[in-house]
Asks: 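There's a structure below that I have some questions on.
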Amino acid sequence: MKVSLYLGKYKGIKVFIHWTFSILLLWIIISNSRSGVAIGDTGWSLLFILAIFFCVILHEFGHALTAQKYGIKTKDIILLPIGGLARLEKIPEDPRQELHVALAGPLVNIVIFFLLSIVVYLKGFNVELVEDTHVDGSTILLFLASANLFLALFNLLPAFPMDGGRVLRALLSLRMPRVKATQIAGSIGQFMGISFVFIGLFYNPILVLIGIFIFLGAQAEITHTTQTSILKGFSVQDVLMRKFPIIAFDAPLSKAIEKLLDGQSTHFVVVKDDDPIGTISREEIMRGLKEGNEGTSVEKVANLNPLNLEVYQPLEEAYKLMSTENKKVALVYEENLFLGMIDQENISEFIMVKLALSK
Ligand SMILES: [Zn+2]
């Protein structure tokens, strides 16, 4: 993850900040200096933005720690200029759990809002401050309180996959199948995403980005939920390829190219004394050619740490494993007996067939 800066971790969850975040800070500095804002005030603006993003991190921890309570790990938390993202390993399928996880983020901002409001009130609330729109030592807490209220309300808009959209999906899932709930929440989310883009074009470029993010995110979640629901009830056996090309681990890449040109396979099983020890893909062969030559041995570029699956393993679980581990193919065993391989493309075809049949 070279494009992100590691900030630290809490309860095993690492926090990263994306490099584009520096553009946001630069933008504040430049636009402030252009409009003649004093350097001290620019300092307060930067502090204000950093404080908001600290609250965004706390918001994401609200999601992540609630998910942890249900046994769901969080890969990491990434801060982007348009907001934060807690990358949960999966979204809870139990609607009540999803509801709690989704609500926990905005709830954090509401708690911060109340705490800051109390501090502002105790310090002596001055109405004139509200009309003064620039941030400095006397107004920063008041603005930070309002920002947290805004964050909570904005995130609760039913724009799936934003928090409010997840709340909506969870509530719908209590009454109907999850796929249908996702399709309804997703369509509303896409409509809101498009609306954000339109409103953003006139008022705020960041809203345009958020709108696009929501539109694509909703689409991806609809597809994902529909696909995994189709895989339910099937096992690895249903997509197992018993015929597959093999190549010896010590063969030169020229041999692999020969096989590549000879058929339609894009992946080969790498064998050593008839035992499978890994896989090699078309991309890996090409990389080997670029870094070496046709004489380079297969084992130098092959993936010798393949994903191994059991033939009776649920297909949904296998598919998830392949995508989280970023493996295009996996080797399939029954106990210790090697049976063949499966690949993502094959599973996609399986999904397409089932979708076409269900119409
Ligand atoms: Zn959230």
Side-chain angles (χ1 to χ4, degrees), residues 4 7 9-11 13-18 20-21 24 49-70 72-116 144-173 181-182 185-186 188-190 192-193 196 200 204 206-207 209-221 224-225:
S4 301
L7 289 183
K9 67 175 176 181
Y10 176 70
K11 296 222 170 168
I13 301 165
K14 290 181 177 167
V15 181
F16 293 91
I17 189 161
H18 199 258
T20 47
F21 198 82
L24 178 70
I49 291 290
L50 293 177
I52 289 178
F53 275 88
F54 182 68
C55 296
V56 171
I57 295 180
L58 296 180
H59 168 117
E60 298 306 328
F61 268 105
H63 294 306
L65 295 180
T66 311
Q68 211 171 56
K69 219 175 69 185
Y70 298 125
I72 297 168
K73 285 187 198 143
T74 299
K75 265 187 255 168
D76 49 30
I77 290 174
I78 302 180
L79 270 188
L80 300 160
I82 57 168
L85 190 67
R87 296 200 297 172
L88 306 191
E89 259 178 358
K90 59 172 187 162
I91 303 293
E93 288 195 12
D94 177 342
R96 279 178 195 82
Q97 293 186 1
E98 179 173 36
L99 189 65
H100 291 165
V101 172
L103 283 174
L107 195 64
V108 168
N109 296 112
I110 290 174
V111 170
I112 299 174
F113 165 73
F114 276 112
L115 292 179
L116 286 176
L144 204 52
S146 334
N148 272 282
L149 185 61
F150 172 78
L151 275 178
L153 296 180
F154 183 72
N155 276 289
L156 283 173
L157 289 174
F160 189 78
M162 273 179 26
D163 299 338
R166 290 198 185 283
V167 169
L168 176 66
R169 198 239 319 245
L171 292 176
L172 290 172
S173 299
T182 308
I188 297 174
Q190 290 196 308
M192 295 205 60
F196 283 180
N204 190 335
I206 289 183
L207 198 57
L209 288 179
I210 293 177
I212 295 171
F213 184 78
I214 289 170
F215 185 86
L216 297 177
Q219 187 60 56
E221 291 239 9
H224 178 80
T225 313

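All residue numbers refer to positions in the sequence shown, counting from 1. Order of listing sets the numbers, starting from 1, for every ligand and every atom in it.
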Asks: Under 6.0 Å between the ring centres of F213 and F196?
Replies: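 Not close enough - the centres of the two rings lie 6.0 Å or further apart.
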Asks: Can you measure from OG1 (T182) to CD (E221) and round to the nearest 0.5 angstrom?
Replies: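 Answer for the OG1-CD pair, T182 versus E221, is 7.5 Å.
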Asks: The Zn ion (ligand 1) is nearest to which N, O or S atom of D163?
Replies: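 Restricting D163 to its N, O and S atoms, the minimum distance to the Zn ion (ligand 1) goes to OD2.
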Asks: Return yes when at least one N/O/S atom of E60 is nearer than 2.8 Å to the Zn ion (ligand 1), and no when none is.
Replies: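 So E60 does not count as coordinating the Zn ion (ligand 1).
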Asks: Evaluate side chain to side chain contact (heavy atoms under 4.5 Å, CB included) for I91 paired with R169, printing each intermediate quantity in order.
Replies: CA-CA 12 Å; I91 303 293; R169 198 239 319 245; 3.8 Å; yes
Asks: For the Zn ion (ligand 1), which N, O or S atom of H63 is at the shortest distance?
Replies: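 Minimum-distance N/O/S atom of H63 relative to the Zn ion (ligand 1) is NE2.
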Asks: Atom CD1 of I112 and atom CG of L151: how far apart are they, to the nearest 0.5 Å?
Replies: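 Reported to 0.5 Å precision, the distance equals 8.5 Å.
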